[in-house]
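Working notes, structure below.
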Protein chains: 2
Amino acid sequence: MYQKKIERTLDCGVVLTKEVLHGKWKSTLLHFIARDVRRPSDLQRAIPSATRRVLNLQLNELEQHGLVSKTIFPQLPPKVEYHLTRLGESLLPVIEAMEQWGNEHRATLEPLLAATPRSASEPAG
Amino acid sequence: MYQKKIERTLDCGVVLTKEVLHGKWKSTLLHFIARDVRRPSDLQRAIPSATRRVLNLQLNELEQHGLVSKTIFPQLPPKVEYHLTRLGESLLPVIEAMEQWGNEHRATLEPLLAATPRSASEPAG
DNA sequence: CTGGATCCATTGTGATACTG
DNA sequence: CAGTATCACAATGGATCCAG
């Protein structure tokens, strides 16, 4: 059977943080929620490259991990708001450090990332 | 004038940073290289949960993205060293923020992550 | 000691359609 | 407006073997 003993490589704090931030849009979601973009439709607008489905998926995980909390207003039309929990807020320094670094080095990074479409080399023929 | 709409969502610095940090061990690798663990075999020892293959894979990407540089000493036995570039060093605040956050909230996170369906395995003894 | 190749299981993400 | 189910594919990561 293909099963590997799950080691707690969590000896390194980085791994722990990565676990929580794992997911293409989670940190962006956190970033925007922190900036008062709290409703799903607004988040969707803020992150048009992601689909509603994926956004919901990651929002759910964020909620499970205790980083955001979800408030449902039982009304018509339905209204939902996400907001950061204490734990989520404590993560903001990390998120904002990422935001800042990304913005600062954008000029350097974009060409590099464009040149690395997830694959270094391709079989020649 | 044509407006080159960037569909890459790179409008958000976080996404850029995530791209670069994408990969299970990359940030851990960066973390250890910054702490003078520079040779592949030492990195392997530092991160036993990862295989050599994956470590190499991610080291390569890190190099392609200009975060680390690789020095090959043409000798016997072969010797290789990775070290952070300026760009890689500039990322350290982010890495260390992750390290710190992870360590600080470990007690809170571990049970949460264990309860996550993603690793729905039997409890690791 | 170093790095790569192949094979393969698991996960993440996206498109679409449907429900309330 | 909000959220989920299903299907499909790409990407990630791991085991093992091969090569300098």
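Basis for what follows: all heavy atoms, side chains included, without hydrogens, waters or symmetry-related copies. Chain letters run A, B, ... following the sequence lines, proteins first, then strands; residues in each count from 1.
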Distance below 4.0 Å between A:R39 side-chain N/O and D:dA2 OP1 or OP2: yes
Spacing of CG belonging to B:L43 relative to CZ belonging to B:F32, to within rounding of 0.5 Å: 8.5 Å
Side-chain heavy atoms of A:V80 within contact of A:F73, under 4.5 Å: no
Touch class at under 4.0 angstrom, heavy-atom based, for A:K70 against every strand present: sugar-phosphate
Under 4.0 angstrom between A:Y82 side-chain N/O and D:dA2 OP1 or OP2: no
Below 4.0 Å: OP1/OP2 of D:dG3 and any side-chain N or O of A:N60: no
Selection from D:dG3, D:dG14, C:dT16 that lies nearest to any side-chain heavy atom of B:R53: D:dG14
Below 4.0 Å: OP1/OP2 of C:dG14 and any side-chain N or O of A:K24: yes
Whole-Å distance separating the CD atom of A:Q44 from the C1' atom of D:dA2: 12 Å
Sugar-phosphate only, base, or nothing, as touched by A:Q75 at under 4.0 Å among non-hydrogen atoms: nothing
Residues A:N60 and A:Q64: side-chain donor-acceptor under 3.5 angstrom: no
Distance-only side-chain donor-acceptor flag, B:H22 / B:E61, under 3.5 Å: no
Rounded distance (Å) that lies between atom P of D:dT16 and atom CG of B:N56: 17 Å
Sugar-phosphate, base or nothing in reach of B:Q58, heavy atoms under 4.0 Å: sugar-phosphate
side-chain N/O A:T51 vs C:dT13 OP1/OP2, d < 4.0 Å: no
Heavy-atom donor-acceptor pair, B:T17 side chain to A:G102 backbone, under 3.5 Å: yes
Terminal helix-axis angle for the helix from C:dC1-D:dG20 to C:dG20-D:dC1, with five pairs defining each axis and rounding to 10 degrees: 40°
Touch class at under 4.0 angstrom, heavy-atom based, for B:P78 against every strand present: base
Under-3.5 Å donor-acceptor pair between B:R52 side chain and D:dT16 base: no
Cationic N near anionic O, under 4.0 Å, A:R45 to A:D42: yes
Worked check of side chain to side chain donor-acceptor pair (under 3.5 Å) between A:E104 and A:Q100: CA-CA 6 Å; A:E104 252 170 57; A:Q100 184 182 326; 3.0 Å; yes
